[in-house]
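Okay, structure first, notes after.
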Amino acid sequence: MKSTTRLMTGTATAALTLAAAMPLAAETWDMPMAYSATNFHTENGVAFADCVSKGTQGEIEITVHPGGSLFAGADIKRAIQTGQVQIGERLLSGHQNENPIFGFDSVPFLAPSFEASEELWESAKPEIEAALEEQNLHLLYTVPWPPQGLYFKKEVNSVADMEGVKFRSYNNTTARLAELTGMAPVTIEAAEVSQAFATGVAESMISSGATGYDQKVWESLTNFYEVDAWLPRNYVMVNGDVWDNVSEANKGIIDGCATQATKDGLASAEAYTQFTYDGLREGGMTVEPASEQLMSELREIGVVMTNEWLEAAGDAGEAIVSDYQAKQ
Ligand code: PCA
């Protein structure tokens with residue numbers, strides 16, 4: 001080592017001295033997100049990325065890729081797990097086929113308000129974090145979508161009115177709901193729904209006011225029924241090996257940014273609910289609570305789906321639900 005140093009040219013020595021004086025080499029993390037750039041989850045993700053870049057003084061720079069531009073929603077989780085990207089956001093209920101407990105946040109009428117959904121999340125957190133760790137994923141933060149309601153291009157007052165309708169689904173739960181209501185499910189990413197409605201590939205969906213608003217669905221659809229069926233959640237996760245290599249100091253900074261994003265994201269989801277109902281109305285849609293008949297028929301279907309989920313999710317599912325119900 002000594003002799004090598006002695007052999008170095010003046011320029012090389014100067015470069016080495018400069019490198020030693022600089023902060024740690026900057027790392028860039030790519031963060032795919034599935035929803036449009038103007039969606040509140042995406043805006044929150046961008047604020048989180050800025051917080052990390054500033055907090056770590058540029059040692060970790062996060063680049064957000066919205067609208068499924070880097071990976072489509074369904075591929076984001078795998079991309080993080082396998083290290084194709086360092087970090088990303090995914091609707092975990094889209095992966096119930098890997099582990100049924102990922103569907104805890106999409107069980108019909110189990111936790112149909114923001115308050116209840118936060119309590120349900122607290123009950124599920126240990127199980128979900130552990131299931132993610134097993135898949136080489138470290139959870140940073142999670143934010144709910146606003147309550148889910150039904151979109152149609154006609155008036156619908158009962159389950160019978162839904163017969164044969166082409167229904168856009170986004171996870172197993174939504175596909176199952178379509179089956180049980182006599183509709184025909186087709187899986188379509190949120191980023192693609194306006195096109196699907198415009199071309200007639202789909203003519204209905206269950207989603208938040210937020211997604212209908214983001215996708216300007218009033219161009220094709222006419223009715224939104226408030227059902228408050230569930231509040232599914234998006235999860236921002238980092239690759240486990242990448243996380244293990246982050247310094248303790250930077251882990252603290254990232255956790256601080258994640259705590260902020262948790263709070264801000266929830267507040268935006270709450271505020272966005274009414275804002276987007278108003279926006280759908282301005283677009284020309286009728287926005288109203290579902291009829292009593294439709295609600296009671298949907299609740300019956302909800303009981304069937306809850307039992308199916310509990311059976312699939314086994315002891316872990318049972319543990320989540322009983323911990324949550326003890327708080328009610
Ligand atoms: N929007 C997303 C998931 C839930 C929601 O409100 C979607 O429709 O894909």
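First listed ligand is number 1; within each ligand, the first listed atom is number 1.
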Counting only N and O atoms by type, is there a donor-acceptor contact under 3.5 Å from the side chain of [X] to the main-chain atoms of [Y]?
{"X": "Asn239", "Y": "Ile80", "answer": "yes"}
{"X": "Ser204", "Y": "Tyr151", "answer": "yes"}
{"X": "Tyr170", "Y": "Ala175", "answer": "no"}

| Are the charged groups of Glu98 and Lys77 less than 4.0 angstrom apart, N to O? | yes
| request: Identify whether the distance between the nearest side-chain nitrogen and carboxylate oxygen of Arg233 and Glu118 falls below 4.0 Å. | output: yes
| message | Quick one, Asn157 and Leu294 - any side-chain contact, counting heavy atoms below 4.5 Å? | response | no
| query | Is there a nitrogen or oxygen of Tyr170 sitting under 3.5 Å from a nitrogen or oxygen of ligand 1? | reply | no
| said: Is it the case that ligand 1 has an N or O less than 3.5 angstrom from some N or O of Trp145? | reply: no
| query | Of the protein's non-hydrogen atoms, which lies at the shortest distance from atom 6 (O) of ligand 1, and what is that distance? | reply | Ser208 OG, 2.6 Å
| field | Min heavy-atom dist Met205 to ligand 1 below 4.0 Å | value | no
| query | Under a heavy-atom criterion of less than 4.0 Å, does Arg168 contact ligand 1? | reply | yes
| query | Is Gln148 touching ligand 1 with its side chain, its backbone, both, or neither, if touching means heavy atoms under 4.0 Å apart? | reply | side chain
| Short list, please: which atoms of ligand 1 are under 4.0 Å from a heavy atom of Pro232? | 4 (C)
| remark: Per-atom filter on ligand 1: closer than 4.0 angstrom to a heavy atom of Thr211 are 1 (N), 2 (C), 5 (C), 6 (O), 7 (C), 8 (O)
